[in-house]
Number of protein chains: 2
Amino acid sequence: MKQGNIQETSTCNPLTEALSRIGDKWTIQVVMELEADPKRFSELRRAVGGISQKMLTLTLRALERDGLVTRTVYPTKPPSVEYALTDLGKEMVVPVRALGGWVIENLPRIASARQRFDAEAGSAVSDGCR
Amino acid sequence: MKQGNIQETSTCNPLTEALSRIGDKWTIQVVMELEADPKRFSELRRAVGGISQKMLTLTLRALERDGLVTRTVYPTKPPSVEYALTDLGKEMVVPVRALGGWVIENLPRIASARQRFDAEAGSAVSDGCR
DNA sequence: CGGTATCCCTGGTGATACTG
DNA sequence: CAGTATCACCAGGGATACCG
């Protein structure tokens with residue numbers, strides 16, 4: 001219950017921490033966009049539909065801090081900033097894609113499992129997808 | 001050059017959805033415990049330190065709904081319920097482990113990137129570890 | 001253009017109590 | 001033992017306004 005005692009999950013469980021980051025609302029989408037090719041802030045914002053300026057900034061800062069993304073400022077008259085994946089970032093994309101590929105591939109199986117579950121439970125969760 | 005772009009944000013982005021699930025606070029830990037071997041509710045609760053009864057239930061229900069975990073009730077005198085990974089669940093563990101392995105392996109690189117970043121920014125984030 | 005600062009509200013999570 | 005139900009909290013994230 002108290003957080004001081006984090007022996008059970010071997011310290012702070014970096015795996016869970018990393019997956020939380022990767023699994024947050026925007027990180028993956030941003031990374032995927034940057035993998036296609038480097039982009040400026042506004043480009044990124046347009047590419048990732050629905051992200052707020054604040055969240056894009058926060059997401060990019062976190063990625064930069066972890067050494068996954070570089071931030072390059074070009075002191076042009078209207079300042080422009082380019083974001084790009086680092087080598088570390090590109091490497092990380094590999095296992096992420098592997099997992100993503102598995103999910104895509106098995107989406108039908110998951111979907112039918114859900115139908116079965118929802119049918120016999122009568123719940124109308126209906127898969128959020130606004 | 002786009003290499004087989006998996007998510008294009010077109011539909012509901014199942015990849016992001018799946019990663020959100022996987023990246024949530026408890027799912028991974030529960031799945032890892034179940035991978036070791038099937039467990040009962042209480043065993044699971046003890047194994048995963050710090051999880052509340054409510055969250056364990058919710059996590060297990062979500063996994064069950066997606067066909068990743070089975071729930072078997074034994075009508076013994078004190079009722080006992082056993083949870084186990086399905087084949088689908090076991091398959092999913094493979095790419096998850098791959099990603100997890102990458103993270104563990106590259107933890108030092110990430111850590112040093114953070115030190116560099118925090119040093120030159122003077123920020124005292126100090127890595128949350130609630 | 002590329003941010004930072006602020007307000008505010010929702011929903012995810014924990015704590016507690018109750019049931020079969 | 002294995003849940004369900006209810007409440008209370010506060011961090012995540014959107015909207016908005018301002019800055020270099």
Side-chain angles (χ1 to χ4, degrees), chain A residues 1-6 16-17 19-30 33-34 38-65 69-84 121-123 125 128 130, chain B residues 16-17 19-30 33-34 38-65 69-84 121-123 125 127-130:
Chain A
M1 52 212 256
K2 278 303 181 187
Q3 67 264 32
N5 201 354
I6 324 178
T16 293
E17 187 207 343
L19 285 171
S20 295
R21 178 76 49 76
I22 290 168
D24 80 358
K25 203 171 177 184
W26 302 111
T27 300
I28 281 295
Q29 297 182 56
V30 169
E33 289 300 334
L34 289 182
K39 287 183 176 60
R40 303 198 358 222
F41 191 85
S42 310
E43 291 180 293
L44 219 35
R45 201 180 166 186
R46 259 177 280 115
V48 181
I51 191 171
S52 66
Q53 200 170 30
K54 175 184 172 182
M55 289 318 297
L56 181 52
T57 300
L58 287 179
T59 302
L60 288 169
R61 285 286 177 282
L63 288 169
E64 193 194 351
R65 187 168 106 99
V69 157
T70 57
R71 176 178 182 270
T72 314
V73 182
Y74 297 104
T76 53
K77 323 201 231 157
S80 80
V81 181
E82 189 173 83
Y83 292 91
S123 73
V125 183
R130 11 174 181 166
Chain B
T16 293
E17 188 205 343
L19 284 171
S20 295
R21 178 76 49 77
I22 291 168
D24 80 358
K25 204 171 176 183
W26 304 110
T27 300
I28 282 294
Q29 296 181 57
V30 169
E33 289 300 334
L34 289 182
K39 288 185 175 60
R40 299 190 11 214
F41 191 85
S42 309
E43 290 181 294
L44 219 34
R45 200 180 168 189
R46 259 176 280 113
V48 180
I51 192 171
S52 66
Q53 200 170 29
K54 175 183 172 185
M55 289 317 297
L56 181 52
T57 300
L58 288 179
T59 302
L60 287 169
R61 285 286 177 280
L63 288 169
E64 192 192 352
R65 186 168 107 98
V69 158
T70 57
R71 176 176 182 271
T72 313
V73 182
Y74 297 103
T76 53
K77 323 192 251 159
S80 81
V81 181
E82 188 173 83
Y83 292 92
S123 71
V125 183
D127 196 308
C129 218
R130 350 165 304 145

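Hydrogens, waters and symmetry mates play no part in the numbers below; they use all other heavy atoms, side chains included. Here is the naming used below: chain letters follow the sequence lines, and residue numbers restart at 1 for every chain. Model, not experiment: these values are computed from the prediction.
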* To do: List for me each residue that meets salt bridge (Lys or Arg N to Asp or Glu O under 4.0 Å) alongside Arg21(B), sequence neighbours excluded, and say none if there are none.
  =>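 Once residues adjacent in sequence are excluded, the partners of Arg21(B) under the salt bridge (Lys or Arg N to Asp or Glu O under 4.0 Å) criterion are Asp66(B).
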
* To do: For Thr27(A), check side-chain hydrogen bond (donor to acceptor under 3.5 Å, both in side chains) against everything at least two apart and list the hits.
  =>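 Testing Thr27(A) for side-chain hydrogen bond (donor to acceptor under 3.5 Å, both in side chains), a comparison that skips the adjacent residues, returns Asp24(A).
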
Identify the two heavy atoms, one from [X] and one from [Y], that lie closest to each other, and give their separation to 0.1 Å.
X        : Y        : answer
Ser80(B) : Thr76(B) : N-OG1, 3.6 Å
Gly23(A) : Ser20(B) : O-OG, 3.1 Å
Lys39(B) : Glu33(B) : NZ-O, 2.9 Å

* First locate atom CG of Leu56(A), then atom CZ of Arg61(A), and finally report the distance between them rounded to the nearest 0.5 Å. =>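 Leu56(A) CG to Arg61(A) CZ: 9.5 Å, rounded to 0.5 Å.
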
* Asked: Quick one: CG on Leu19(A) to CD1 on Ile28(B), what's the gap to the nearest 0.5 Å?
  ->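 Leu19(A) CG to Ile28(B) CD1: 5.0 Å, rounded to 0.5 Å.
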
side-chain N/O [X] vs [N] OP1/OP2, d < 4.0 Å:
X        : N      : value
Arg40(B) : dA2(D) : yes
Tyr83(A) : dC1(C) : no
Arg71(A) : dG2(C) : no

What is the distance from [atom1] of [X] to [atom2] of [N], rounded to the nearest Å?
X        : N      : atom1 : atom2 : value
Leu56(B) : dT4(D) : CG    : P     : 11 Å
Glu82(B) : dC1(D) : CD    : P     : 16 Å
Glu43(B) : dA2(D) : CD    : C1'   : 13 Å
Leu60(A) : dG2(C) : CG    : P     : 11 Å

* Asked: Side chains of Gln29(A) and Thr16(B): does their closest heavy-atom pair fall under 4.5 Å?
  ->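 Yes, side chains in contact.
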
With a cut-off of 3.5 Å and sequence neighbours excluded, list every side-chain donor-acceptor pair involving residues 40-55 of chain A.
residue  : atom : partner  : partner atom : Å
Glu43(A) : OE1  : Arg40(A) : N            : 2.7
Ser52(A) : OG   : Met55(A) : N            : 3.2

What does the list of N/O pairs under 3.5 Å between the protein and nucleotides 9-17 of chain D look like, with a distance for each?
residue : atom : partner  : partner atom : Å
dG13(D) : N7   : Lys54(A) : NZ           : 3.2
dG14(D) : OP1  : Lys25(A) : NZ           : 3.1
dG14(D) : OP2  : Ser52(A) : OG           : 3.2
dG14(D) : O6   : Lys54(A) : NZ           : 2.4

* Tell me, please, which residues at least two apart from Val69(B) pass side chain to side chain contact (heavy atoms under 4.5 Å, CB included). =>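 Side chain to side chain contact (heavy atoms under 4.5 Å, CB included) list for Val69(B), sorted by chain: Leu34(B), Leu63(B), Tyr83(B), Leu85(B).
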
* Contacts of Pro79(B) that satisfy side chain to side chain contact (heavy atoms under 4.5 Å, CB included) - sequence neighbours left out ->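 Partners of Pro79(B) under the side chain to side chain contact (heavy atoms under 4.5 Å, CB included) test: none.
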
* Is there a residue in residues 72-81 of chain B whose heavy atoms reach under 4.0 Å of DNA chain D, and which residues are they? ->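 The answer is Pro79(B), Ser80(B), Val81(B).
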
* To do: Take the C1' atoms of the five end pairs on each side of the helix from dC1(C)-dG20(D) to dG20(C)-dC1(D), get both axes, and report the angle to 10 degrees.
  =>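 Roughly 40° between the end axes, to the nearest 10°.
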
